[in-house]
2 protein chains.
Amino acid sequence: MTDFKAYGYSCSVAATLDIIGGKWKGVILFYLLDGKKRFNELKRLNGEITQRMLTLQLRELERDGIVHREIYKEIPPKVEYSLTEFGQSLKPLILMMREWGEHHVEYVMEKRKNEA
Amino acid sequence: MTDFKAYGYSCSVAATLDIIGGKWKGVILFYLLDGKKRFNELKRLNGEITQRMLTLQLRELERDGIVHREIYKEIPPKVEYSLTEFGQSLKPLILMMREWGEHHVEYVMEKRKNEA
DNA sequence: CAGGATCCCGTTGGATACTG
DNA sequence: CAGTATCCAACGGGATCCTG
């Protein structure tokens with residue numbers, strides 16, 4: 001089994017969260033689950049994300065081998081993002097996050113509100 | 001189904017990651033899966049975490065109803081942290097994160113290294 | 001033992017303007 | 001359309017010292 005300490009993580013959960021955590025990556029991956037998406041398409045879906053952040057996050061996902069970037073040499077430019085085969089391995093995890101969120105997030109949010 | 005936009009999230013995955021994401025929460029939850037733990041016990045297990053961060057993260061988990069804080073009125077002080085019943089709902093998710101990490105993190109880390 | 005209080009810094013991330 | 005380039009504010013998070 002992998003020695004996570006060697007990579008600076010205290011356990012595999014920490015490593016996983018380092019890879020798909022953060023404010024945007026989970027959402028980006030979620031939208032890529034049902035197929036390739038263009039840059040502006042992802043931007044619209046994410047709503048509040050800025051161009052800068054979308055680019056940065058996509059670059060990291062690409063570096064980590066999770067997302068593939070396909071550039072079409074056209075004018076106007078066209079770039080499509082899709083999950084790599086390796087990225088597909090995240091599918092059950094993303095779906096479970098969505099599932100948990102749908103069933104439990106409201107409880108947490110109401111709790112937070114009642115204490116503010 | 002919950003309206004995540006109303007809470008400022010673009011989808012349920014984003015909300016879930018906001019609750020259990022970050023550098024430490026996943027690990028803390030992971031260690032709490034197999035029963036209650038004392039403060040210093042969690043600190044040792046997490047290795048690199050500072051007292052300050054451990055306290056902050058535990059407070060947030062407590063606020064969100066995920067972790068229960070039991071204070072024993074003794075000297076020296078004794079505090080035990082455990083998952084609430086609500087917190088138990090995260091168990092499959094945490095376990096899946098661990099699972100994914102164990103099988104795939106090494107690939108990502110080697111890839112990062114070869115490009116640095 | 002389990003923290004609280006301060007200080008401080010690096011990174012994250014937002015706003016805006018510009019470009020092939 | 002799909003980015004880059006800057007600038008800047010906010011926050012996460014570390015180090016250190018103190019305490020009931």
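No hydrogens, no waters, no symmetry mates; every other heavy atom, side chains included, goes into these values. Computed from a predicted structure; not experimentally measured. Chain naming here is simple, since letters A, B, ... match the order of the sequence lines and numbering starts at 1 in each.
- Within 4.0 Å of A/P77, counting heavy atoms only, lies at least one base atom of the nucleic acid.
- Looking at A/R52, its side chain has no donor and acceptor atom pair within 3.5 Å of the base of D/dG3.
- Comparing C/dC1, C/dA17, C/dG14 by their nearest atom to the side chain of B/N40 picks out C/dC1.
- Atom NZ in A/K43 sits roughly 11 Å away from atom P in C/dG14 (whole-Å rounding).
- The residue B/Y72 sits apart from the nucleic acid: no heavy atom pair falls under 4.0 Å.
- Using a 4.5 Å heavy-atom threshold, the side chains of B/L32 and B/K37 count as touching.
- Using a 4.0 Å cut-off between charged side-chain N and carboxylate O, A/E60 and A/K25 make a salt bridge.
- Across all strands shown, B/K23 has heavy atoms under 4.0 Å from sugar-phosphate atoms exclusively, and none from any base.
- Close to C/dG3, at under 4.0 Å from its OP1 or OP2, lies a side-chain N or O of B/Y81.
- In this model, the phosphate group of D/dG3 is approached by a side-chain N or O of A/R69 to a distance below 4.0 Å at OP1 or OP2.
- For CD of A/E74, the number of neighbouring non-hydrogen atoms (other residues, nucleotides, ligands) closer than 6.0 Å is greater than 12.
- Where the helix from C/dC1-D/dG20 to C/dG20-D/dC1 starts and where it ends, the local axes point in directions that differ by 60°; five pairs per end, rounded to 10°.
- Here C/dA2 presents its C1' atom at 17 Å from NZ of B/K36, a figure rounded to the nearest Å.
- Taking only side-chain atoms of A/W24, from C-beta outward, the nucleotide of C/dG3, D/dG3, C/dG14 with the closest atom is C/dG14.
- Distance from the side chain of B/R38 is smallest to C/dC1 among C/dG3, C/dC1, C/dA17.
- Between B/M109 and A/Y9 there is a side-chain heavy-atom pair separated by less than 4.5 Å.
- Rounded to an integer number of Å, the gap from CG of A/L56 to C1' of C/dG14 is 12 Å.
- Between A/L90 and A/L83, every side-chain heavy-atom pair lies at or beyond the 4.5 Å cut-off.
- The separation between A/K37 atom NZ and D/dG3 atom P is 16 Å, rounded to whole Å.
- Contact check on B/R112 versus A/D18 returns a salt bridge, with a Lys/Arg side-chain nitrogen under 4.0 Å from an Asp/Glu carboxylate oxygen.
- Following rounding to the nearest Å, B/L42 (CG) and C/dG3 (P) show an atom-to-atom distance of 10 Å.
- More than 12 non-hydrogen atoms from other residues, nucleotides or ligands lie less than 6.0 angstrom from CD of A/E110.
- Counting only heavy atoms from C-beta on, B/M53 has its side chain closest to D/dG13 among D/dG13, C/dA2, C/dC1.
- For the pair A/R59 CZ and D/dA5 P, the computed distance is 11 Å after rounding to whole Å.
- Distance from the side chain of A/T55 is smallest to D/dT4 among D/dT4, D/dA2, C/dC1.
- Across D/dG13, C/dG3, C/dA17, the shortest atom-to-atom separation from the side chain of A/Q51 is found for C/dA17.
- Atoms CD1 (A/I75) and C1' (D/dG3) sit 14 Å apart, rounded to a whole Å.
- Interatomic distance, CD of A/E106 versus OH of B/Y7, reported as 4.0 Å (0.5 Å rounding).
- The residue among A/I49 and B/F39 whose nearest nucleotide of DNA chain C lies closer to the 5′ end is B/F39.
- Listed nucleotides D/dC1, D/dG3, C/dC1 differ in distance to A/P76; the shortest reach to its side chain belongs to D/dC1.
- If you take CG of A/L58 and P of C/dG13, they are 14 Å apart, rounded to a whole angstrom.
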